[in-house]
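Heavy atoms only: backbone and side chains are in, while hydrogens, waters and symmetry mates are out.
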Amino acid sequence: MATHRPYPDPDALLAAADEASYDLSQADLTEALAAESSAELDHGAPYAALLALDAAHAEYERKFGHAFVISLAGHPREEQADQLLGAIRRRMTHEVDEERSISADELRCVAQDRLWDLTRWLTSTDGPSATEIGLFAPVG
């Protein structure tokens, strides 16, 4: 993706990232999953939920060998604990190959969420110019 910079706009960047994510080799996916940390709850979450999630993460990582990856974008903060715990419990029933495929899809969503946040920040007045850092092509 870096070799194709600058991108004409945020939509082009997001499309390129999505396309690149489908081209990951198994080794690339393994590396990407190894670099992730398991989805966490807000520190204001109920203590029981935090304990349950810690136990679920440990079991998930033991079974599948990588962090539990999930995009919670679009879920209100008050529903995230239920979404996260429900998803990890459901996905623990999967076979390794099926879960790896789901994890790749979730990783793709997480990457899109992160890029979307980055492009919003770079196009706001709070961050450096996306053109200045070579992410987007100059306008005009």
Side-chain angles (χ1 to χ4, degrees):
M1 289 197 44
T3 60
H4 294 94
R5 290 184 336 192
Y7 292 92
D9 55 44
D11 288 337
L13 170 67
L14 293 169
D18 195 50
E19 184 177 326
S21 69
Y22 286 103
D23 293 337
L24 291 178
S25 68
Q26 287 300 311
D28 291 337
L29 178 57
T30 297
E31 182 180 348
L33 288 170
E36 282 297 314
S37 57
S38 289
E40 293 290 334
L41 292 175
D42 192 276
H43 289 291
Y47 185 67
L50 294 171
L51 284 177
L53 186 58
D54 282 347
H57 278 159
E59 181 65 15
Y60 180 94
E61 291 174 16
R62 183 198 60 74
K63 180 175 181 179
F64 296 111
H66 59 80
F68 178 72
V69 181
I70 187 170
S71 171
L72 294 173
H75 293 286
R77 186 169 301 281
E78 63 273 7
E79 294 177 11
Q80 289 184 358
D82 290 338
Q83 291 292 325
L84 186 52
L85 287 166
I88 200 168
R89 287 178 181 137
R90 275 189 312 279
R91 289 171 53 186
M92 283 295 296
T93 65
H94 295 157
E95 296 296 323
V96 172
D97 289 341
E98 179 184 15
E99 181 56 25
R100 187 170 173 87
S101 176
I102 291 169
S103 294
D105 289 340
E106 289 294 330
L107 189 60
R108 187 174 300 109
C109 292
V110 167
Q112 288 286 313
D113 297 341
R114 290 172 181 162
L115 282 172
W116 178 247
D117 288 344
L118 175 66
T119 59
R120 276 196 335 221
W121 178 69
L122 289 171
T123 56
S124 76
T125 57
D126 297 339
S129 163
T131 302
E132 289 173 348
I133 64 170
L135 186 59
F136 300 135
V139 178

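No continuous path of hydrophobic side-chain contacts links Ile102 to Met92 [ILVMFWY only; heavy atoms under 4.5 Å]. In the hydrophobic clustering of this structure, Phe64 does not group with Leu33; members are Ile, Leu, Val, Met, Phe, Trp, Tyr whose side-chain heavy atoms approach within less than 4.5 Å, directly or through other members. One hydrophobic cluster holds both Leu50 and Ile70 under the rule that ILVMFWY side chains link at heavy-atom gaps under 4.5 Å. Using a 4.5 Å cut-off between side-chain heavy atoms of Ile, Leu, Val, Met, Phe, Trp and Tyr, with links allowed through other members, Leu13 and Trp116 fall into the same hydrophobic cluster. Connection of Leu72 to Leu85 is established within a shared hydrophobic cluster, with ILVMFWY side chains joined at heavy-atom distances below 4.5 Å, either directly or through further cluster members.
Minimum heavy-atom separation, Ala49 to Leu41: CB-CD1, 4.0 Å. Annotation for Glu61 and Ala67: closest pair OE2-CA, 3.8 Å, computed over non-hydrogen atoms. Minimum heavy-atom separation, Gln80 to His75: NE2-O, 3.1 Å. The nearest pair of heavy atoms linking Tyr60 to Ser103 is OH-OG, 3.2 Å.
Remark: Ser25 engages Ala27, Asp28 in a side-chain contact (heavy atoms from CB on, under 4.5 Å) (not counting sequence neighbours). Under the ring-ring contact (aromatic ring centres under 6.0 Å, His included) criterion, His57 pairs with no residue at all, not counting sequence neighbours. Under the side-chain contact (heavy atoms from CB on, under 4.5 Å) criterion, Ala12 pairs with Tyr7, Pro8, Asp9, not counting sequence neighbours. Judged as a side-chain hydrogen bond (donor to acceptor under 3.5 Å, both in side chains), and not counting sequence neighbours, the contacts of Gln26 are Arg100.
Atom CD of Glu31 sits in a sparse spot, with 12 or fewer heavy atoms from other residues, nucleotides or ligands closer than 6.0 Å. For Asp23, the CG atom is densely surrounded, since the number of other residues' heavy atoms within 6.0 Å is greater than 12. Counted within 6.0 Å of CD on Glu19, heavy atoms from surrounding residues, nucleotides or ligands total 12 or fewer; the atom is thus considered open.
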Please tabulate, one pair per line, all N/O donor-acceptor pairs under 3.5 Å involving side-chain atoms of residues 104-114, not counting sequence neighbours.
| from | atom 1 | to | atom 2 | distance (Å) |
| --- | --- | --- | --- | --- |
| Asp105 | OD1 | Arg108 | NH1 | 2.6 |
| Glu106 | OE1 | Ser71 | N | 2.7 |
| Arg108 | NE | Ser21 | OG | 2.7 |
| Gln112 | NE2 | Leu14 | O | 2.9 |
| Asp113 | OD2 | Ser71 | OG | 2.6 |
| Arg114 | NH1 | Glu36 | OE2 | 2.8 |
| Arg114 | NH2 | Glu36 | OE1 | 2.9 |

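Between the side chain of Arg90 and the backbone N or O of Gly86 there is at least one donor-acceptor pair closer than 3.5 Å.
In this structure, Tyr47 belongs to a hydrophobic cluster whose other members, linked by side-chain heavy atoms under 4.5 Å apart, are Leu51.
Glu99 contributes atom CD, which lies 6.0 Å from atom NE2 of His66 (distance to the nearest 0.5 angstrom). For the atom pair CG of Leu53 and CG of Leu84, the computed distance is 4.5 Å after rounding to the nearest 0.5 Å.
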